[in-house]
Participant: 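Please read through the structure below; I'll follow up with questions.
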Amino acid sequence: MHAGAPISSRMAAQPETSAPMTTPERYNPRASEPKWQRAWDEAKLFETDNADPRPRYYVLEMFPYPSGRIHIGHTRNYTMGDVVARHRRAMGYNVLHPMGWDAFGMPAENAAMQNKVHPRDWTYQNIDTMRAQLKLMGLSIDWSREFATCDIDYYHRQQMLFVDFLESGLVGRRVSKVNWDPVDQTVLANEQVIDGKGWRSGAEVEQRELAQWVFRITDFSQDLLDSIDNLEEWPDKVRLMQRNWIGRSEGLSIRWALTPETAPDGETELEVYTTRPDTLFGASFMAIAADHPLARKAAGSNPDLAAFCEKCRRMGTSVTALETAEKEGFDTGIRVRHPFGVAWDLPVYVANFVLMDYGTGAIFGCPSGDQRDLDFARKYGLPVVPVVLPPGADAASFAIGDEAWTGNGTMINSSFLDGLTPDTAFDAVADRLESVDFAGTPQGKRQVQFKLRDWGVSRQRYWGCPIPVIHCDNCGLVPVPKDQLPVTLPDDVSFDKPGNPLDHHPTWKHVDCPSCGNAARRETDTMDTFVDSSWYFARFTDPHAETPTDPNAANAWLPVDQYIGGIEHAILHLLYSRFFARAMSRTGHMAVDEPFKGLFTQGMVVHETYRAEDGGWLEPGQVRIEGHDANRKAFDAATGAPVTIGPLEKMSKSKRNTIGPEDITQSFGADTARWFMLSDSPPERDVEWTDSGAEGAHRFIQRVWRVVAGAAPMIVAGDPSDANGAFASMRKAAHKALKGVGEDFERLAFNKAIARIHELVNAIAPTIEKAVDGDNQADKAAAHEALSILVQIMAPIAPHLAEECWMALGHEDMVAQAPWPAFDAALVADDTIVLPVQINGKKRGEIEVARDAHKDSVEQSALALETVQRHLDGIAPKKVIVVPGRIVNIVA
RNA sequence: GCGGAUAUGGCGGAACUGGUAGACGCGCUGGAUUUAGGUUCCAGUGCCGCAAGGCGUGGGGGUUCGACUCCCUCUAUCCGCACCA
């Protein structure tokens with residue numbers, strides 16, 4: 001990447017004469033950008049006053065994890081928010097646009113182990129580096145509200161929330177499974193389990209059951225689901241993903257009798273949950289989870305089964321691992337009786353795809369109606385009885401091949417259900433089983449089930465928010481009284497020993513019980529880092545409050561008007577935040593149930609990857625590229641050795657394909673980076689960072705400066721209303737762009753705004769030159785007006801350049817303080833429109849007609865076209881379709 | 001495996017509610033200016049064809065006067081799956 005030619009700093013000083021346009025010096029971002037950033041700071045333009053009475057607008061981007069260095073992948077997201085913030089500010093809103101750090105988490109502990117750095121030092125150093133990098137971008141952020149979630153001030157308030165939640169019954173204890181590394185003696189995250197082995201030790205991972213803290217998010221399942229309907233400013237795909245995640249289903253729980261001779265001692269029944277009771281007559285086996293009580297009991301007397309269950313457990317705790325593994329089962333030898341007295345008894349298998357966490361941990365398998373069950377049945381030679389006949393199929397010959405039939409149809413082979421639809425069969429089965437007495441209670445029960453599980457927040461790690469609870473042998477679980485908070489993390493910890501440093505710290509966990517005064521132990525689990533990010537948006541509304549929030553401030557600002565972040569957070573982070581808003585409302589910290597009114601999920605910045613012959617990754621700066629397109633070749637810039645150009649990937653430290661903001665600001669400037677990242681690709685899509693694209697953006701920045709600075713000394717503000725001809729057209733172009741760009745910003749269509757600004761500059765540049773060369777005051781006023789509009793609509797994207805241009809045009813104050821101009825409705829409307837004329841759906845010509853022209857006259861002018869006459873060749877058209885204001889189509 | 005998305009020139013993409021496919025930018029080609037080069041300016045640029053014209057939005061099928069847009073189906077790529085953040 002090369003910089004523009006060396007540049008001397010340019011400031012005002014232009015000739016005062018009405019000479020032809022001179023060529024101004026190049027715009028120098030290295031001088032201008034720091035200058036304007038200082039000016040904004042000194043004027044405190046972006047510090048938000050909670051007492052400001054104007055209408056409020058809260059724009060927030062998902063805060064970053066301080067991993068080390070910011071790359072422009074991060075900054076695209078912040079630039080989008082910044083454009084919104086600057087635009088809303090110009091529109092007269094009191095804008096809140098804060099920034100902070102999602103600062104707890106595993107990487108800090110990994111760094112501690114690898115590099116012998118304290119997680120706290122590593123984290124705060126990274127924050128300092130990244131803050132400095134971010135500031136280069138000229139973002140309009142209220143830095144006075146900055147915090148990191150690892151600040152004691154922040155996690156102190158998080159502990160207050162935890163205690164409140166605990167006392168309100170929103171927190172529970174539950175035994176759940178964790179990945180246990182027997183060599184490192186530690187709990188592993190799913191990402192630390194690779195092919196069932198610990199990432200560091202390589203040991204086979206075991207499952208362990210631990211008593212864990214959970215937030216009772218499932219208490220809100222129905223509300224979280226129903227309220228999605230009201231999140232109208234969220235992308236539909238995210239709403240759909242949340243609905244699917246919550247996973248409400250209506251089904252039937254059915255208790256099956258075990259045949260006494262096969263049942264383990266004391267067991268008489270197996271309860272399953274099904275959403276397809278209509279397929280009951282197609283059932284050919286039962287499948288239970290390896291951890292199902294029945295499986296455990298059966299395994300007790302069957303070593304082979306016990307080994308199979310153990311194998312299932314070693315797959316780890318992640319659903320992905322369970323469900324992508326090949327379907328396997330093991331016959332327990334247990335048999336069940338069909339509730340409707342079908343002649344055969346069904347086998348009970350332990351299956352590796354049945355989850356203990358969902359429903360009852362047991363299913364009945366109907367191979368003809370479920371692909372997974374069919375695969376399983378084929379593998380173990382179980383019967384496949386079709387029970388739903390697809391529409392149009394022949395009952396006598398219909399058979400299931402390799403594909404199950406999950407669709408609608410008519411019930412067959414199903415006794416009293418035959419001839420019904422699956423829907424009515426569902427009710428028939430449910431009604432009948434609800435009335436059958438089975439050991440004193442109905443054998444079947446209609447049930448609503450959610451896939452959503454309670455949120456386990458316990459982590460056996462150091463670098464997180466300590467859970468403020470004390471275990472006392474006398475009193476049980478005792479929350480730390482609020483006046484004894486915060487429970488701070490000890491500094492003197494070592495990461496040399498395996499396990500949780502809080503647990504093996506010599507003194508930290510030993511405390512007296514706040515209730516009875518006897519010796520007791522602190523909880524050594526810390527909270528999931530998702531907790532930290534589930535309420536930071538509320539803390540920003542008053543980041544220095546003694547309590548977690550000032551409810552007045554939180555209620556005034558929330559919900560966030562526009563939240564911007566990656567699609568990868570579409571489910572968990574957003575769902576947890578929605579839960580927190582409800583929990584905080586219930587505990588009096590605010591009165592807003594939905595945290596985010598508008599949501600936008602932006603794409604990532606991707607870059608090519610480069611690999612040396614030895615397989616090592618190279619940074620873009622270390623690579624020299626030759627040739628174009630298919631002939632592009634890469635070489636190691638230092639050695640000249642050939643380098644393989646790899647696919648586009650999300651910028652990441654590990655692939656070394658990152659571009660830092662300083663790489664750009666030192667050459668092209670922040671405005672170029674901001675401009676480029678919002679050009680071309682729609683914001684929800686990924687954008688590829690390319691040097692040529694950045695150069696193109698930079699050329700445009702320089703072009704605007706040339707046009708504005710070249711004309712500025714020769715034009716002044718005035719009354720442009722008498723401008724004629726090209727000058728009047730220029731005014732129309734400017735006002736249309738003003739209207740369009742404003743709308744684009746509100747829809748976050750930054751790429752379209754940029755295209756529109758390009759079009760405006762292309763359209764007006766020659767006319768500006770004419771106005772400068774001429775001596776008509778109205779024309780010069782029109783030029784001044786057009787350029788001022790251009791600068792203002794660019795300002796949210798390229799704020800530094802805009803300030804420089806604004807000053808050149810002779811405006812007082814800064815463009816960052818200027819109100820958004822109103823467009824002139826009369827200049828935006830056109831009297832005539834161009835209508836395309838099609839013949840048989842193919843465009844053959846166009847006609848210009850009055851905007852409100854009558855259908856008949858439009859039809860006549862279309863038929864009069866020479867091309868139309870030629871195509872019709874004297875034959876009358878079959879039909880003429882005139883869509884007013886849109887199109888004419890002639891069917892020949 | 002389940003859930004969600006995406007696919008348009010050489011490249012990134014535009015096309016609002018079914019109505020001119022390729023806006024805008026990159027790249028490329030030619031020309032002008034200046035220079036040692038870059039810069040800047042003008043013109044051209046979906047494909048085939050001298051032209052008339054024909055063909056074109058991942059593949060196949062359908063609905064419609066008209067389909068990038070709606071329906072069915074197939075393929076490829078990406079995101080999430082509860083302890084990565």
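Note on naming: letters A, B, ... go to the chains in the order of the sequence lines (proteins, then strands), and numbering restarts at 1 for each one.
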Participant: Atom pairs under 3.5 Å, N or O on each side, protein against nucleotides 44-53 of chain B: can you list them with distances?
Facilitator:
residue : atom : partner : partner atom : Å
B:G53   : OP1  : A:R870  : NH2          : 3.1

Participant: Measure the spacing between CG of A:N352 and NZ of A:K327 and express it to the nearest 0.5 Å.
Facilitator: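 Answer rounded to 0.5 Å: 6.5 Å.
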Participant: Please pick, from B:U40, B:A85, B:G1, the nucleotide with the shortest atom-to-atom distance to any side-chain atom of A:R706.
Facilitator: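 Taking heavy atoms from C-beta onward, the closest nucleotide is B:U40.
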Participant: Which glycosidic conformation, syn or anti, is assigned to B:G56 if syn requires a torsion within 90° of zero?
Facilitator: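 Nucleotide B:G56 adopts anti.
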Participant: Has A:R699 got a side-chain N or O lying under 4.0 Å from the OP1 or OP2 atom of B:C26?
Facilitator: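 The answer is yes; a side-chain N or O of A:R699 sits under 4.0 Å from OP1 or OP2.
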Participant: Is the A:W455 ring parallel, tilted or perpendicular to the A:Y576 ring (thresholds 30°, 60°)?
Facilitator: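 Rings of A:W455 and A:Y576: parallel, under 30°.
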Participant: What's the separation between atom OG1 in A:T186 and atom CH2 in A:W180, rounded to the nearest 0.5 Å?
Facilitator: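 The CH2 atom of A:W180 is 6.5 Å from OG1 of A:T186, to the nearest 0.5 Å.
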Participant: As a test of understanding, state which of A:R756, A:K739, A:K752 forms a salt bridge (charged side-chain N to carboxylate O under 4.0 Å, His left out) with A:D744.
Facilitator: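 With A:D744 as partner, A:R756, A:K739, A:K752 yield a single salt bridge (charged side-chain N to carboxylate O under 4.0 Å, His left out), made by A:R756.
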Participant: Does B:A85 have OP1 or OP2 sitting under 4.0 Å from an N or O in the side chain of A:T529?
Facilitator: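 For B:A85, OP1/OP2 do have a side-chain N/O of A:T529 under 4.0 Å.
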Participant: Is there a side-chain contact between A:N762 and the phosphate of B:G25, meaning an N or O under 4.0 Å from OP1 or OP2?
Facilitator: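 Yes, A:N762 has a side-chain N/O under 4.0 Å of OP1/OP2 on B:G25.
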Participant: Taking the side chain of A:D102 as its heavy atoms from C-beta onward, which of B:C65, B:C24, B:A85 lies nearest to it?
Facilitator: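 Nearest to the side chain of A:D102 among the choices is B:A85.
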Participant: Got a salt bridge between A:R239 and A:D236, using NZ or NE/NH1/NH2 to carboxylate O under 4.0 Å?
Facilitator: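 Salt bridge flag = yes for A:D236 with A:R239.
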Participant: Tell me, yes or no, whether the heavy-atom count around A:E403 atom CD, taken from other residues, nucleotides or ligands under 6.0 Å, exceeds 12.
Facilitator: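 No.
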Participant: Using the side-chain heavy atoms of A:L452, tell me which of these nucleotides is nearest: B:A82, B:A23, B:G27.
Facilitator: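 Of the options given, the side chain of A:L452 lies nearest B:A82.
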Participant: State whether A:R453 places a side-chain N or O below 4.0 Å from either non-bridging phosphate oxygen (OP1 or OP2) of B:A82.
Facilitator: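 No, no such contact exists.
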Participant: For nucleotides 15-20 of chain B, read 5' to 3', which letter fits each nucleotide if B means a protein heavy atom sits under 4.0 Å from the base, S means only the sugar-phosphate is that close, and - means neither?
Facilitator: S---BB
Participant: Distance check: side-chain N/O of A:R685 vs OP1/OP2 of B:A14, anything under 4.0 Å?
Facilitator: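 Checking B:A14 against A:R685, a side-chain N or O does come within under 4.0 Å of OP1 or OP2.
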Participant: If I take atom CD from residue A:Q242 and atom CG from residue A:N244, how far apart are they, to the nearest 0.5 angstrom?
Facilitator: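 One gets 10.5 Å once the value is rounded to the nearest 0.5 Å.
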Participant: Can A:E326 and A:K379 be counted as an ion pair, charged N to O under 4.0 angstrom?
Facilitator: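 A salt bridge is present here (some side-chain N lies under 4.0 Å from a carboxylate O).
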Participant: Look at the side chain of A:K843 and the backbone N and O of A:G841, then say whether any donor-acceptor pair between them is shorter than 3.5 Å.
Facilitator: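 It does not hold such a pair.
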Participant: Please confirm whether the shortest side-chain N or O distance from A:N751 to OP1 or OP2 of B:C24 is below 4.0 Å.
Facilitator: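 Checking B:C24 against A:N751, no side-chain N or O comes under 4.0 Å of OP1 or OP2.
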Participant: Represent RNA chain B in dot-bracket notation, 5' to 3'. Only Watson-Crick or G-U wobble pairs with both distances under 3.5 Å count; pseudoknot-style crossings use [ ] and interstrand partners use |.
Facilitator: (((((((..(((......[....)))((((((.......))))))(((....)))..(((((..]....))))))))))))....
Participant: Counting heavy atoms from C-beta on, name the nucleotide in B:C79, B:G3, B:A5 closest to the side chain of A:K237.
Facilitator: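 It is B:A5.
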Participant: Would one find a side-chain N or O of A:N840 under 4.0 angstrom from OP1 or OP2 of B:C65?
Facilitator: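 Checking B:C65 against A:N840, no side-chain N or O comes under 4.0 Å of OP1 or OP2.
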Participant: Choosing from B:G1, B:C79, B:G56, which nucleotide comes nearest the side chain of A:E568?
Facilitator: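 My answer, after comparing the listed nucleotides, is B:C79.
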Participant: So, does A:R703 get its side chain near the phosphate of B:U39, meaning an N or O under 4.0 Å from OP1 or OP2?
Facilitator: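 A:R703 to B:U39 OP1/OP2: no side-chain N or O under 4.0 Å.
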